[in-house]
Amino acid sequence: MTTIVTRFPPSPTGYLHIGGARTALFNYLYARKNNGKFVLRIEDTDQARSTQEMTDAILDAMHWLGLDFDEGPYFQSERGDIYNSYVDKLLASGHAYYCSCTPDEVEQMREEARAKGLKPKYNGCCRTKGLGPGPGRVVRFMTPLTGKVVFDDLVKGPIAWDVQEMDDFVVRRADGSAIYQMAVVVDDAEMGVTHVIRGDDHQNNTPKQILIYQALGFPLPLFGHVPMILGPDKKKMSKRHGATSVMLYKEMGYLPEAMLSYLVRLGWSHGDDELFTMDDLLQKFSLEGLGKSASVFDMDKLGWTNSHFIKTGDVPRLARLLGEIITTTTNFQPAQEYLQAIVPLFQPRAKTLKEMAEQAEFFLHEAEALPYDQHAVDKFLTPEIRQHLRILAERMETLASFDQKSLENMVAAYLEECGIKFKALAQPMRVAITGTTMSPGLFETMDVLGKERTLARLYRAVSL
RNA sequence: GUCCCCAUCGUCUAGUGGCCUAGGACGGCGGCCUCUCACGCCGCUAACAGGGGUUCAAACCCCCUUGGGGACGCCA
């Protein structure tokens, strides 16, 4: 049994986007699950649009998601000679020919075809001219005139293409460089790729590639075309749908494991399971679970998925990540120890780390600089209430231990003495301590805040 | 326009001829819990695109229609 080899071939003309990440994930999982190899190849043959920054960004994003590759990255820009040697083979074996038609002429042929309601194609006029190399000349693949290309798609089943739907496509540009179709086939063949799993926007150039495989005598890999991820308007996801770059989600406070879990459920399922860790996936992933229809990217569900992983996440790690977000968005440099005490209070409350950073901000200010929700102050910090707060603060000073339990007992005793309900004091205390009307539980908040900060805030509120 | 692919709740999906008066999840709505906000828990809402077949029996198989997506580059 041969080793399974999958690959992910991003083009560094943009960031790693949602769809690409999912494709990479599927390939990664399939290879890993089957003890195979996952190859990364950078398809940068379009020199004009490819950049080093994008390559780095893609590598970063894959690393963030934990999609490590076993081989590569290969760069197509460094393999031009290899592709060309195969174009020469095609030429030598009569599977390709030189064409002297100009881009304008070809465009005209397409226009004419369109006008007749036909598929826009190059008309093959140089097929029999027996032209040799020359300036401005491209090399075209000699597509068979009759017959069908049939392949059994891993996800969609049998797919048949009439060769008449294809024209004699270019395999080498006038500048001498080989074109995508040529590069993928040669690379996949040379790299021993056994399973080509890619977006179904590639489905219709699979027949062309199969023709090349056959002309070159390469064994065919298996192809699987996974459906697209659509925006809420059901159009192919693109920038106008907002955040499509994976790394943008990191910035927005999403956890990589949440991205993985959400993404894999888009177009793949395993019974009624909803949440997956990488370990689960390595156990459960299979091509059979892939769906055939396109799916819509849903932020709400991503948010739910993320909140789950925040809720169940490792506290020290979350504290570290939270700290990173806080320092990049504010001037605070909170201590890890403090953050680790804070995180558990917000795990059930935050949908993203970014949200957590915002919710936890009141923990970071000096008492005097704590922002107040003025409306809440006016409503809750009445003169009478402030008297209570003052007494409470004074009693807190004498507390032997400033912890949740002691605080709760002390306040309960005071409530008993005065004959008032906790409800009457809860919101005022919250406003005094956090500046707002929404926060984690009062006593746990005070506990984490500590005696000094809590008292300072209480006294500030009393003396307003 | 031509070709390819697809078609179950608003969304992600389970379902591979009887277990389906179609299940789960997100969302929405209502309730419980409660010091606020969340979490959690309980309940409700909502779908087999339409029409023909095949079959004792169709969400599941076939055909047509309709709808949606994608591709038609000297981009990848």
Side-chain angles (χ1 to χ4, degrees), chain A residues 9-14 43-46 48-50 76 99 101-103 106-107 110 113-122 136-140 153 155-157 159-162 164-167 169-177 179-181 183-184 199-207 225 227-228 230 232 234-236 262 265-275 289 291-305 307 311 345-351 359 376 411 421-431 434 436-443 445:
Chain A
S11 180
T13 53
E43 310 221 318
D44 54 354
T45 54
D46 184 350
R49 296 195 303 145
S50 300
Q76 290 193 328
C99 165
C101 297
T102 67
V106 176
E107 185 44 44
R110 288 197 245 269
R114 255 188 287 263
K116 285 186 210 150
L118 299 173
K119 188 172 232 176
K121 294 195 298 187
Y122 165 68
R137 292 183 182 178
V138 299
V139 175
R140 287 180 183 276
D153 194 277
V155 350
K156 308 209 182 188
I159 294 176
W161 268 76
D162 196 312
Q164 295 186 28
E165 290 304 324
M166 294 175 258
D167 62 0
F169 51 94
V170 174
V171 288
R172 180 191 286 163
R173 301 182 181 92
D175 69 4
S177 62
I179 231 155
Y180 167 75
Q181 309 285 8
V184 233
D200 71 9
D201 48 344
H202 281 285
Q203 189 166 309
N204 47 19
N205 53 48
T206 297
H225 291 96
M228 302 274 83
L230 278 18
K234 307 222 177 188
K235 299 279 184 210
K236 188 177 177 179
Y262 174 71
R265 279 289 286 113
L266 233 38
W268 179 82
S269 62
H270 184 269
D272 283 339
D273 296 353
E274 292 290 349
L275 269 357
K292 297 180 178 182
S293 51
S295 38
V296 173
F297 186 78
D298 179 19
M299 278 297 244
D300 283 332
K301 192 152 183 182
L302 204 216
W304 172 77
T305 306
S307 66
K311 235 171 297 175
L345 303 194
F346 294 100
Q347 277 178 294
R349 278 167 244 270
K351 227 158 42 184
Q359 292 173 157
V411 172
K421 291 242 165 76
F422 182 50
K423 264 192 191 286
L425 246 36
Q427 279 304 71
M429 287 176 78
R430 172 167 284 108
V431 173
T434 71
T436 74
T437 55
M438 295 177 296
S439 82
L442 256 187
F443 299 108
T445 298

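We use all heavy atoms of the structure for the numbers below, so side chains are in, but hydrogens, waters and symmetry mates are not. Chain A is the first sequence line, chain B the second, and so forth, proteins listed ahead of strands; every chain is numbered from 1.
Residue A/S293 is in sugar-phosphate contact alone, with no base atom involved, counting any heavy-atom pair closer than 4.0 Å across all strands shown. Using a 4.0 Å heavy-atom cutoff across all strands shown, A/L442 reaches at least one base atom of the nucleic acid. At the heavy-atom level, A/V138 lies under 4.0 Å from base atoms of the strands shown. Among the protein residues, A/K311 comes within range of the sugar-phosphate backbone only, with heavy atoms under 4.0 Å from sugar or phosphate atoms but none that close to a base. Residue A/D153 is out of contact with every strand shown, counting any heavy-atom pair closer than 4.0 Å. Note on A/P440: a base of the nucleic acid sits closer than 4.0 angstrom, heavy atoms only. Nucleic acid contact class of A/K235 (heavy atoms, under 4.0 Å, all strands): sugar-phosphate only. Nucleic acid contact class of A/H225 (heavy atoms, under 4.0 Å, all strands): none. The residue A/R114 sits apart from the nucleic acid: no heavy atom pair falls under 4.0 Å. Using a 4.0 Å heavy-atom cutoff across all strands shown, A/C101 reaches at least one base atom of the nucleic acid.
One can place CG of A/N204 at 13 Å from P of B/C3, the figure rounded to the nearest angstrom. The distance from atom CG of A/L345 to atom C1' of B/U36 is 14 Å, rounded to the nearest whole Å. What separates NZ of A/K119 from C1' of B/U2 is a distance of 6 Å, to the nearest Å. A/K301 has its NZ atom 15 Å from the P atom of B/G10, to the nearest Å. If you measure from atom NE2 of A/H202 to atom C1' of B/A76, you get 7 Å, rounded to the nearest angstrom. For the pair A/D167 CG and B/C72 P, the computed distance is 11 Å after rounding to whole Å. The interatomic distance linking A/K121 (NZ) with B/A71 (C1') rounds to 14 Å, in whole Å. The NZ atom of A/K423 sits 11 Å away from the P atom of B/C33 (whole-angstrom rounding).
For A/Q427, whose side chain is taken as the heavy atoms from C-beta onward, the closest listed nucleotide among B/C35, B/U2, B/C12 is B/C35. Minimum atom distance to the side chain of A/K156 is reached by B/C5, of the listed B/A38, B/A71, B/C5. With distances taken from any side-chain atom of A/D300 to the nucleotides B/C35, B/C12, B/C26, the minimum falls on B/C26. Checked against B/U36, B/G69, B/A76, the side chain of A/S11 finds its nearest nucleotide in B/A76.
The distance from the CG atom of A/D200 to the NZ atom of A/K292 is 12.5 Å, given to the nearest 0.5 Å. Atom OG1 of residue A/T305 and atom CD of residue A/E274 lie 8.0 Å apart, to the nearest 0.5 angstrom.
Here A/T45 reaches the OP1 or OP2 of B/A76: one of its side-chain N or O atoms lies under 4.0 Å away. At B/G67, none of the side-chain N or O atoms of A/K234 fall inside 4.0 Å of OP1 or OP2 (strictly under the cut-off). Applying the 4.0 Å criterion to OP1 and OP2 of B/G73, one finds that A/R110 has a side-chain N or O inside that range. The shortest distance between the side-chain N/O atoms of A/S439 and the OP1/OP2 oxygens of B/U36 is not below 4.0 Å. For B/C39, the OP1/OP2 oxygens have no side-chain nitrogen or oxygen of A/S307 closer than 4.0 Å.
Aromatic ring pairs are classed by plane angle as parallel below 30°, tilted from 30° to 60° and perpendicular above 60°; the pair A/Y262 and A/F297 is perpendicular.
Heavy-atom minimum distance, A/V170 versus A/R172: CG1-O, 3.3 Å. The minimum heavy-atom distance between A/D44 and A/P12, with the atom names listed, is CB-CG, 3.7 Å. Looking at every heavy atom in both residues, A/R140 comes nearest to A/C99 through NE-SG, 3.3 Å.
In this structure, B/A38 makes no Watson-Crick or G-U wobble pair, since no nucleotide meets both defining distances under 3.5 angstrom. Under the Watson-Crick or G-U wobble criterion, with both distances below 3.5 Å, B/G1 is paired with B/C72. Across all strands shown, the partner of B/G10 is B/C26, judged by Watson-Crick or G-U wobble contacts whose two distances both fall under 3.5 Å. In this entry B/C56 has B/G18 as its Watson-Crick or G-U wobble partner, both defining distances falling under 3.5 Å. In this structure, B/A49 and B/U65 make a Watson-Crick or G-U wobble pair, each of the two defining distances being under 3.5 angstrom.
No aromatic stack links A/H270 and the base of B/A14, using centre distance under 5.5 Å and interplanar angle under 30°.
When the C1' atom is used for both B/U16 and B/A76, the distance is 36 Å, rounded to whole Å. For the P atoms, the distance linking B/G18 with B/A59 amounts to 10 Å, nearest Å. When the P atom is used for both B/C9 and B/G15, the distance is 16 Å, rounded to whole Å. One C1' atom belongs to B/G68, the other to B/C20, and the distance between them is 27 Å to the nearest Å. A gap of 16 Å separates the C1' atoms of B/A7 and B/C63, to the nearest Å.
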Walk me through it: do A/H202 and A/V184 pass the test side-chain contact (heavy atoms from CB on, under 4.5 Å)? CA-CA 12 Å; A/H202 281 285; A/V184 233; over 6 Å; no
A/L442 vs A/F422, side-chain contact (heavy atoms from CB on, under 4.5 Å): CA-CA, chis, key distance, verdict: CA-CA 11 Å; A/L442 256 187; A/F422 182 50; 4.0 Å; yes
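Comparing A/D272 and A/G441, the nucleotide of RNA chain B nearest to each residue sits closer to the 5' end for A/D272. Ranked by how close their nearest RNA chain B nucleotide is to the 5' end, A/L230 and A/K292 are led by A/K292.
With contacts defined as side-chain heavy-atom distances shorter than 4.5 Å, the pair A/F169/A/N205 does not qualify.
Side-chain N/O atoms of A/R349 and base N/O atoms of B/C39 include no donor-acceptor pair closer than 3.5 Å. You'll find a donor-acceptor pair under 3.5 Å spanning the side chain of A/E274 and the base of B/G24, going by distance alone.
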